[in-house]
> 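Handing you a structure now.
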There are 2 protein chains.
Amino acid sequence: MNILIAEDEKAIANSLKKNFLAEGYTAKLVSDGAAVISSLENENFDIILLDWRMPKMTGLQVCKAIRESGNNTPIILLTALSDVSNKIDALKAGADDYITKPFNIEEVFARIEAVIRRTASAEPVLHCGSFSLNLFTHCVESGESSLKLTEKEFALLHFLVSNKGVVINRETLFEKVWGINYTPGTNFVDVTIKNLRKRLESITPGKCIKTVYGEGYVFLGD
Amino acid sequence: MNILIAEDEKAIANSLKKNFLAEGYTAKLVSDGAAVISSLENENFDIILLDWRMPKMTGLQVCKAIRESGNNTPIILLTALSDVSNKIDALKAGADDYITKPFNIEEVFARIEAVIRRTASAEPVLHCGSFSLNLFTHCVESGESSLKLTEKEFALLHFLVSNKGVVINRETLFEKVWGINYTPGTNFVDVTIKNLRKRLESITPGKCIKTVYGEGYVFLGD
DNA sequence: ACCAAATATGAAAAATATTTCATAATTACA
DNA sequence: TGTAATTATGAAATATTTTTCATATTTGGT
């Protein structure tokens, strides 16, 4: 078991690490968001313990950044606040669980095990703000509701979501989704965007695919 | 970077480990197949170096066992033989590369980097003997040829492959693939099996889905 | 406010996939 | 070998998805 600990307070970080080593686990300590991101690029971890308050970026922002980079390593957020709304924010940002400080080490072990058991059997999903895209079942999911997309719809949304925030022109979308060179005169992309938007209405209230006049389409998070 | 080294010869194993540690990598040494399997259950590795000849199980068997357990960690096989047919066997069994002894450490580092770069961008596949099933694109692939399955075909083959060697009855197949309770009178499963077999003809020569009279269907490896 | 270009939409047509069903072939067993 | 049960298969009927296209709406610039 290999654990990444992102915790600013040295005392807590060292205490966690000592306990993990005693259990035969390996643990790496980092103290800011940038270090978390670069560690994840170079190494695989079984779980990430992420402090809520960190220098420069909040744990929440780091969490979002991790998920946006496509990394699905389970994350447990550590926080001094017991506010319930933070928990909701945390889970929305892509965290898997949440431990309130002060905690005892048994609780940490128990939650790690629970999260790993839970996520080991989970299917890969792309977190897209208020909903998520299941890459295996091709469903968009939000809370209880789930909706299966057609293949073109799925491929188009998948591509837009994985380029969140960047405007993609029709030619590119066409070539990525249909896999063939763009031939002017077809409006496949427009039609599929329309259908996609209609379907997403029932899943998420806001308009998450925006048209940029003369340029193309963008997926916006929320 | 976390490396699992499965090598019987202590001298080679220790030399590898020393070199990896010098590079800032972590490495775990094991000396038999069972230890490889159990290590993988408890820890994530970035790469596995696997000796061709090991006590009890051959590296090839261990390799197959790893892939059958659903683990896709990149594997490099180490072998004293320079026989080309072994390389083919190795890749068939699910290995990603192959290094011939004696090797120098630069070659090992170079191959590790190459394999990681290659597999990092690869899509998840299920190795099924002479072909593989791409879980993202829903294609069966064998060497150059690739074939897109329909949804029911994919789901049926996926379920059979992930229960390789065990006979599954029609009721179970129906419920897993169609997601609804079995109602007698339908022969969806039979029809889809027929279509699947016809499609697989062009990919793999042998009959890999066998009928067990009165019981159901099995996927057999090859 | 008006115009031309760009985008959205509804709906028909074509292509694919799924389901149904009748019949043929195969199997296990007496 | 004969028979009933089981499985395989071809093909029609449905359903779904993809593509086409004509028309409506929106947009940015004048």
Side-chain angles (χ1 to χ4, degrees), chain A residues 137-140 146-160 167-202 206-220, chain B residues 137-140 146-160 167-202 206-220:
Chain A
T137 63
H138 297 185
C139 286
V140 279
S146 172
L147 180 62
K148 180 153 183 96
L149 301 178
T150 71
E151 227 174 278
K152 300 297 185 220
E153 287 165 359
F154 169 77
L156 187 55
L157 183 58
H158 186 188
F159 188 74
L160 284 173
V167 182
I168 317 282
N169 63 38
R170 286 178 173 69
E171 288 71 19
T172 307
L173 288 173
F174 186 85
E175 289 177 359
K176 291 290 177 184
V177 172
W178 277 263
I180 46 177
N181 282 351
Y182 177 71
T183 37
T186 53
N187 67 340
F188 294 7
V189 173
D190 300 57
V191 173
T192 307
I193 287 279
K194 181 202 67 179
N195 295 332
L196 206 41
R197 280 173 171 161
K198 181 166 286 173
R199 280 176 183 270
L200 290 177
E201 274 173 12
S202 66
K207 225 191 168 186
C208 55
I209 300 174
K210 203 192 150 202
T211 307
V212 180
Y213 189 90
E215 310 238 331
Y217 299 98
V218 220
F219 179 82
L220 305 166
Chain B
T137 63
H138 297 186
C139 287
V140 280
S146 172
L147 181 62
K148 180 150 181 98
L149 301 178
T150 71
E151 226 174 281
K152 301 296 184 219
E153 287 166 359
F154 169 77
L156 187 54
L157 183 58
H158 186 189
F159 188 74
L160 284 172
V167 182
I168 317 281
N169 63 39
R170 287 179 172 68
E171 289 72 20
T172 306
L173 287 173
F174 185 86
E175 289 177 359
K176 292 289 177 184
V177 172
W178 277 262
I180 47 175
N181 282 351
Y182 177 71
T183 37
T186 53
N187 67 340
F188 294 7
V189 174
D190 300 56
V191 173
T192 307
I193 287 279
K194 181 201 65 179
N195 295 333
L196 204 43
R197 280 173 172 160
K198 180 166 288 174
R199 279 175 182 272
L200 290 178
E201 273 174 13
S202 67
K207 224 190 166 185
C208 56
I209 301 174
K210 204 192 150 203
T211 307
V212 180
Y213 190 90
E215 310 237 331
Y217 299 97
V218 220
F219 179 81
L220 304 167

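Side chains are part of it too, since the values below use all heavy atoms of this structure and drop only hydrogens, waters and symmetry mates. Order of the sequence lines sets the chain letters (A, B, ...), proteins ahead of strands, with each chain counted from 1. As the structure is a computational prediction, the values presented were derived from the model and not from experiment.
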> Could you please name the option among C/dT27, C/dT20, C/dT9 that lies closest to any side-chain atom of B/Tyr213?
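So the side chain of B/Tyr213 is nearest to C/dT27.
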> Select base, sugar-phosphate, or nothing to describe what A/Val212 touches, counting heavy atoms under 4.0 Å on all strands.
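Sugar-phosphate: the residue A/Val212, judged by heavy atoms under 4.0 Å, touches backbone atoms but no base.
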> How close or far is atom P of C/dA8 from atom CG of A/Leu196, stated in whole angstroms?
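So the two atoms are 12 Å apart, to the nearest Å.
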> For the pair made of NE2 in B/His138 and P in C/dA17, what is the distance, rounded to whole Å?
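Answer to the nearest Å: 13 Å.
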> Would you say the side-chain atoms of A/Asn195 and A/Thr192 include a donor-acceptor pair closer than 3.5 Å?
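No.
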> For atom NZ of B/Lys176, is the number of surrounding heavy atoms from other residues, nucleotides or ligands below 6.0 Å larger than 12?
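No.
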> Whole angstrom is fine here: how far is it from CD in B/Glu215 over to P in D/dA5?
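Interatomic distance, CD of B/Glu215 to P of D/dA5: 18 Å.
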> Side-chain N or O of B/Arg197 less than 4.0 angstrom from OP1 or OP2 on D/dA8?
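For D/dA8, OP1 or OP2 has a side-chain N or O of B/Arg197 closer than 4.0 Å.
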> Verify the contact: side-chain N or O of B/Arg170 to OP1 or OP2 of D/dT6, cut-off strictly under 4.0 Å; return yes or no.
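Indeed not, no polar side-chain atom of B/Arg170 lies that close.
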> List the atom of B/Arg199, the atom of B/Leu149, and the distance in Å for their closest heavy-atom pair.
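Heavy-atom minimum between the residues: CD-CD2, 3.8 Å.
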> Hey, which sits more toward the 5' end of DNA chain C by its nearest nucleotide, B/Arg199 or B/Thr186?
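It is B/Arg199, whose closest nucleotide lies nearer the 5' terminus.
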> Mind checking B/Lys148 for me? I need base, sugar-phosphate or nothing, with any heavy atom below 4.0 Å counting as a touch.
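No contact.
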> Of all the choices, D/dT18, C/dT9, C/dT19, which nucleotide is nearest to the side chain of A/Val191 once you look at every atom?
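In terms of side-chain proximity for A/Val191, the closest of D/dT18, C/dT9, C/dT19 is C/dT9.
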> Take atom CD of B/Glu153 and atom C1' of C/dA17, then tell me their distance rounded to the nearest Å.
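Distance, rounded to whole Å: 9 Å.
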> Give the rounded distance in Å between these two atoms: CD1 of A/Ile168 and P of C/dT7.
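Between P of C/dT7 and CD1 of A/Ile168: 15 Å.
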> Should B/Thr150 be listed as having a side-chain N or O under 4.0 Å from OP1 or OP2 of C/dT18?
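Yes, B/Thr150 has a side-chain N/O under 4.0 Å of OP1/OP2 on C/dT18.
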> Between A/Lys194 and A/Gly214, which is nearer to the 5' end of DNA chain C once each is assigned its nearest nucleotide?
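Nearer the 5' end of the strand: A/Gly214.
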> I need the single residue from A/Phe188, A/Trp178, A/Phe159 that forms a side-chain contact (heavy atoms from CB on, under 4.5 Å) with A/Leu173. Which is it?
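When A/Phe188, A/Trp178, A/Phe159 are each tested with A/Leu173, the side-chain contact (heavy atoms from CB on, under 4.5 Å) holds only for A/Phe159.
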> Per the atom types in the model, does the base of C/dT9 pair as donor or acceptor with the side chain of A/Asn195 at under 3.5 Å?
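Answer no: no donor N or O sits under 3.5 Å from an acceptor.
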> Just the rounded figure in Å: distance from P of D/dT7 to CD1 of B/Ile209.
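To the nearest whole Å, that distance equals 15 Å.
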> Check whether any side-chain nitrogen or oxygen of B/Thr192 sits under 4.0 Å from OP1 or OP2 of C/dT18, and answer yes or no.
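False: B/Thr192 side-chain N/O out of range (4.0 Å or more) of C/dT18 OP1/OP2.
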> Are there over 12 heavy-atom neighbours, none belonging to B/Lys210, within less than 6.0 Å of that residue's NZ?
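Check fails, neighbour count at 12 or below.
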> Roughly, in whole Å, what's the span from CD1 in A/Ile193 to C1' in C/dA8?
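Between C1' of C/dA8 and CD1 of A/Ile193: 11 Å.
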> For the residue pair B/Arg170 / B/Thr186, report whether a side-chain donor-acceptor contact shorter than 3.5 Å exists.
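Looking only at side-chain atoms, B/Arg170 and B/Thr186 do not form any donor-acceptor pair under 3.5 Å.
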> Can a side chain N or O of B/Tyr217 be found less than 4.0 Å away from OP1 or OP2 on D/dT6?
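No, because none of the side-chain N or O atoms of B/Tyr217 sits under 4.0 Å from OP1 or OP2 of D/dT6.
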> Return the value, rounded to whole Å, for the distance between atom CG of B/Asp190 and atom C1' of C/dT19.
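It is 13 Å, rounded to the nearest whole Å.
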> The side chain of B/Lys152 is closest to which nucleotide in this list: D/dT9, C/dT19, C/dG10?
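Of the candidates, C/dT19 comes closest.
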> OP1 or OP2 of C/dA8 less than 4.0 angstrom from a side-chain nitrogen or oxygen of A/Thr211, does that happen here?
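Indeed, a polar side-chain atom of A/Thr211 lies that close.
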> So, does A/Trp178 get its side chain near the phosphate of D/dT19, meaning an N or O under 4.0 Å from OP1 or OP2?
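Indeed, a polar side-chain atom of A/Trp178 lies that close.
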